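Predicted model, so just to flag it, every value in this text is computed and none were measured.
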Amino acid sequence: MPELNRLLEDALVREAAWDAVSRLDPQHLSQYDLDFSDIAVLETPDPGKLAAFGVHPMLAMWGSFMRNPDFSAGMSAGEYFVDQGKDAS
């Protein structure tokens, strides 16, 4: 979904937007054309769930970091992209 991509892209370039996404700030989210299912996937995101909603793989990884800081403890960016390469084979 283009709006999820736009939301996450904005959060990567603006610290206030990152903070708002990490808190699922309703006022911030209302600036995007998100439906209930988009917001639901943001509640407990992982790269696979976000990708299933059309989020670019790199943004899916960052979105997971935004909502779950502990996510980075379990997987590095390098490991993530190695896993993505396995899925494409």
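With Leu59 as the fixed residue, the side-chain contact (heavy atoms from CB on, under 4.5 Å) test singles out one of Asn5, Leu50, Leu7, Leu4: Asn5.
The two atoms that bring Arg67 and Val21 nearest to each other are CD-O, 3.2 Å, heavy atoms only. Across all their heavy atoms, Trp62 and Trp18 have their closest contact at CE3-CH2, 3.7 Å. Of all heavy-atom pairs spanning Pro47 and Ala60, the tightest one is O-CB, 3.6 Å. Scanning all heavy atoms of the two residues, the minimum distance from Ala17 to Ala11 falls at CB-CA, 3.7 Å.
In this structure, Phe53 and Asp38 have side chains that are in contact, with non-hydrogen atoms separated by less than 4.5 Å. Contact check for Lys49 versus Thr44: side-chain heavy atoms found under the 4.5 Å cut-off.
Between the CG atom in Leu24 and the CD1 atom in Ile39 there is a gap of 8.0 Å [rounded to 0.5 Å]. A distance of 11.5 Å separates CG of Leu42 from OG of Ser22, quoted to the nearest 0.5 Å. With rounding to the nearest 0.5 angstrom, the CD atom of Glu9 is 12.0 Å from the CZ atom of Arg14.
Ion pairing of Glu3 with Arg6 is present here, as a side-chain N (NZ or NE/NH1/NH2) and a carboxylate O approach within less than 4.0 Å.
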